[in-house]
**Q** 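Please see the structure below; I have some questions.
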Amino acid sequence: MKPLLFAFCVAFAPGCLNAQQVIWQPSPGHAQVPIWPGTVPDERPGAAPETAETTGNASLVAGRPWVAVSNVSRPTITVYTPTGRNTGAAVVVFPGGGYEILAIDLEGTEVCDWLTSKGITCVLLKYRVPAPRSSPNWGAFPQSRMALEDAQRTLGLVRFHAAEWQIDPHKIGVLGFSAGGHLVAALSTHFAKRLYPAADAADTESCRPDFAVAIYPGHLSLDDKNLELNPAVPVTRQTPPTFLLQNEDDHVDNVNDSLVYYIALKNAGVPVEMHLYAQGGHAFGLRRTKFPATAWPQLVETWLGTIGMIPE
């Protein structure tokens, strides 16, 4: 799968990103918190200092730029509390970016704005993407363990702090886009055992999501011709209920990524809902376009109600 950034501008073409480089910070009133209390497992230094760059006119989404965070080697979470009635549900959000960058607003903070408006706590994970695509440290699990370790740790942290954050520990899900959609599937199938030694009491909590939402996921189809699932996502009956959405004209992550995962979930008896559309491309986040796939947030809201995570 090509990185999200490449979907908009090939190989960081001139004009794709502006020249200004800053460190990403959440909106006022929110704070990033490191997820590891000490040494980060499988620590790898970033290829360069972490930066946040705003895209230029060559890669607008729905007429607006977006922010790409790169060289993340120190993962953090930012917690966004519901703006109205608290349903008790929580969602950990994994932005996409080909495991090379994170589309931190397009597929991160804008998602949290939507979720919190619906009474759902949003936990934005800035997971590790410390290496360029050519590096051996880059990639999806098992090529690289780092992002999945961060995801496992974060689910445990959210459950550990559930009472403090006014969250129902049995209503904690994950939502991700593109590479983040793959991370959703990876965590949904690798929760029985941590990939790292326990750091503290949070690592004794379950890291199994109660539900999972994968939007235009990648890395799930090993063989598109034969619809073969990537064996690194071993679906079982314990895999959480899942929502899938993808477009047939997605030329970054093939629609077969959703198809093979759907088939595996169905065969394992896991409740799964899938929406496929003819057009709409890749990497649109929540931003509205003329294509019907951009109505997906309402579909997710309905689905969350039907599986008992939020009031119908």
**Q** Once rounded to the nearest 0.5 Å, what's the spacing between atom CG of Leu227 and atom NZ of Lys225?
**A** 12.0 Å
**Q** Same cluster for Val174 and Leu265 if Ile/Leu/Val/Met/Phe/Trp/Tyr side chains link at under 4.5 Å?
**A** no
**Q** Give the C-alpha distance, both sets of side-chain angles, the deciding distance and a yes or no for side chain to side chain donor-acceptor pair (under 3.5 Å) between Asp250 and Asn247.
**A** CA-CA 5 Å; Asp250 187 332; Asn247 294 316; 6.0 Å; no
**Q** Tell me if a side-chain donor or acceptor on Thr189 pairs with a main-chain N or O of Ala185 at a distance below 3.5 Å.
**A** yes
**Q** Got Pro37 and Asp200 here, is their nearest side-chain heavy-atom distance under 4.5 Å?
**A** yes
**Q** Distance check, rounded to the nearest 0.5 Å: Asp203 atom CG versus Leu155 atom CG?
**A** 11.5 Å
**Q** Check whether any side-chain N or O of Gln143 sits under 3.5 Å from a backbone N or O of Trp138 as a donor-acceptor pair, and report yes or no.
**A** yes
**Q** His182 and Phe94: aromatic ring centres closer than 6.0 Å?
**A** no
**Q** Could you check if a side-chain atom of Pro311 sits within less than 4.5 angstrom of a side-chain atom of Arg85, using non-hydrogen atoms only?
**A** yes
**Q** Between Arg208 and Pro240, what is the shortest heavy-atom contact and its length?
**A** NH2-CA, 3.4 Å
**Q** Do Val111 and Phe177 touch side chain to side chain, with heavy atoms closer than 4.5 Å?
**A** yes
**Q** Any disulfide (SG to SG under 2.5 Å) involving residues 97-206? Give me the pairs, sequence neighbours left out, ordered by first then second residue.
**A** Cys112-Cys122
**Q** Side-chain donor-acceptor pairs under 3.5 Å in residues 74-84, sequence neighbours left out?
**A**
from	atom 1	to	atom 2	distance (Å)
Arg74	NH1	Glu43	OE2	2.8
Thr76	OG1	Gln32	OE1	2.8
Thr83	OG1	Thr116	O	3.2

**Q** Under a 3.5 Å distance rule, please check whether Ser258 uses its side chain to pair with a backbone N or O of Val255 as donor and acceptor.
**A** no
**Q** Mind checking the CG-OG1 spacing from Leu304 to Thr302? Nearest 0.5 Å is all I need.
**A** 9.0 Å
**Q** Taking C-beta and beyond as the side chain, do Gln298 and Val300 meet within less than 4.5 Å on heavy atoms?
**A** no
**Q** Should the ring pair Trp303 and Phe211 be called parallel, tilted or perpendicular, given that the plane angle runs from 0 to 90° and is split at 30 and 60?
**A** perpendicular
**Q** State yes or no: do Leu183 and Tyr262 share one hydrophobic cluster built from I, L, V, M, F, W and Y residues joined by side-chain heavy-atom distances below 4.5 Å, directly or via other members?
**A** no
**Q** Check the pair Val92, Leu175 against side-chain contact (heavy atoms from CB on, under 4.5 Å), reporting the backbone distance first and the verdict last.
**A** CA-CA 6 Å; Val92 179; Leu175 187 157; over 6 Å; no
**Q** Testing the basics here: between Thr121 and Trp165, what is the closest heavy-atom pair and its distance to 0.1 Å?
**A** OG1-O, 4.3 Å
**Q** Do Leu148 and Leu222 belong to the same hydrophobic cluster, where Ile, Leu, Val, Met, Phe, Trp and Tyr are linked whenever their side-chain heavy atoms lie under 4.5 Å apart, directly or via other members?
**A** no
**Q** Using the rule that Ile, Leu, Val, Met, Phe, Trp and Tyr join whenever any side-chain heavy atoms are under 4.5 Å apart, tell me whether Val33 and Ile167 fall into a single cluster.
**A** yes
**Q** Let me confirm one number: the OG1-CG distance from Thr294 to Leu245, rounded to the nearest 0.5 Å.
**A** 9.5 Å
**Q** Quick check: closest heavy atoms across Tyr261 and Thr239, and the distance to 0.1 Å?
**A** OH-CG2, 3.8 Å
**Q** Does Tyr196 reach the side chain of Arg153, with side-chain heavy atoms less than 4.5 Å apart?
**A** yes
**Q** Do the side chains of Tyr127 and Met146 get nearer than 4.5 Å, heavy atoms only?
**A** no
**Q** For Asp105 and Trp66, indicate whether the former's side chain and the latter's backbone hold a donor-acceptor pair under 3.5 Å.
**A** no
**Q** Using only atom types and a distance under 3.5 Å, with no angle test, would you say the side chain of Ser59 pairs donor to acceptor with the backbone of Thr55?
**A** no
**Q** Kindly give the heavy-atom pair with the smallest separation between Tyr99 and Ala147, and that separation in Å.
**A** CE2-CB, 3.7 Å
**Q** Using side-chain heavy atoms (C-beta onward) and a distance below 4.5 Å, is His275 in contact with Leu244?
**A** no
**Q** Might you work through the side-chain contact (heavy atoms from CB on, under 4.5 Å) test for Trp36 and Glu149, ending with a clear yes or no?
**A** CA-CA 10 Å; Trp36 299 102; Glu149 289 172 337; 4.3 Å; yes
**Q** I'd like to know whether Ile120 forms a side-chain contact (heavy atoms from CB on, under 4.5 Å) with Ile310, so could you lay out the CA-CA distance, the side-chain angles of the two residues, the decisive distance to 0.1 Å, and finally the verdict.
**A** CA-CA 8 Å; Ile120 300 170; Ile310 63 174; 4.0 Å; yes
**Q** Return yes if some donor-acceptor pair links the side-chain N/O of Ser178 with the main-chain N/O of Gly180 below 3.5 Å, else return no.
**A** no
**Q** Using the ring centroid of each side chain, check whether Trp114 and Trp296 are separated by less than 6.0 Å.
**A** yes
**Q** Would you please indicate yes or no on a ring centroid separation below 6.0 angstrom for Tyr216 and Phe284?
**A** yes
**Q** Using 0.5 Å steps for rounding, measure from the CZ atom of Arg44 to the OG atom of Ser144.
**A** 7.5 Å
**Q** Starting at NE2 of His282, measure out to CG of Asn254 and round the result to the nearest 0.5 Å.
**A** 11.5 Å
**Q** For the side chain of Asp210 and the backbone of Ile172, is there at least one donor-acceptor N/O pair under 3.5 Å apart?
**A** yes
**Q** Without swapping roles, check the side chain of Glu248 against the backbone of Leu276 for a donor-acceptor pair under 3.5 Å.
**A** no
**Q** Passes salt bridge (charged side-chain N to carboxylate O under 4.0 Å, His left out), Asp168 versus Arg159? Steps please.
**A** CA-CA 8 Å; Asp168 185 331; Arg159 282 212 169 85; over 6 Å; no
**Q** Can a donor-acceptor pair be found, under 3.5 Å and without considering hydrogens, that links the side chain of Asn226 to the backbone of Asp223?
**A** no
**Q** Kindly work out whether a path of hydrophobic side-chain contacts (I/L/V/M/F/W/Y, heavy atoms less than 4.5 Å apart) joins Val61 to Ile101.
**A** yes
**Q** If you apply the rule side-chain contact (heavy atoms from CB on, under 4.5 Å), what do you find for Glu107 with Val93, and how did you get there?
**A** CA-CA 8 Å; Glu107 297 171 346; Val93 172; over 6 Å; no
**Q** Are there over 12 heavy-atom neighbours, none belonging to Tyr277, within less than 6.0 Å of that residue's OH?
**A** yes
**Q** Side-chain contact, heavy-atom cut-off 4.5 Å: Phe243 with Leu299?
**A** yes
**Q** Any disulfide (SG to SG under 2.5 Å) involving residues 170-247? Give me the pairs, sequence neighbours left out, ordered by first then second residue.
**A** none
**Q** For residues Ala52 and Val67, report the shortest heavy-atom separation together with the two atoms involved.
**A** CB-CG1, 3.9 Å
**Q** State whether Arg128 and Glu50 are salt-bridged, where the test is any N-O pair (Lys NZ or Arg NE/NH1/NH2 against Asp/Glu carboxylate O) under 4.0 Å.
**A** no
**Q** Restricting to non-hydrogen atoms, name the atom on Ser221 and the atom on Val260 that form the minimum distance, rounded to 0.1 Å.
**A** CA-CG2, 3.7 Å
**Q** Looking at Gln246 and Asp253, would you say the former's side chain and the latter's main chain have a donor-acceptor pair under 3.5 Å?
**A** yes
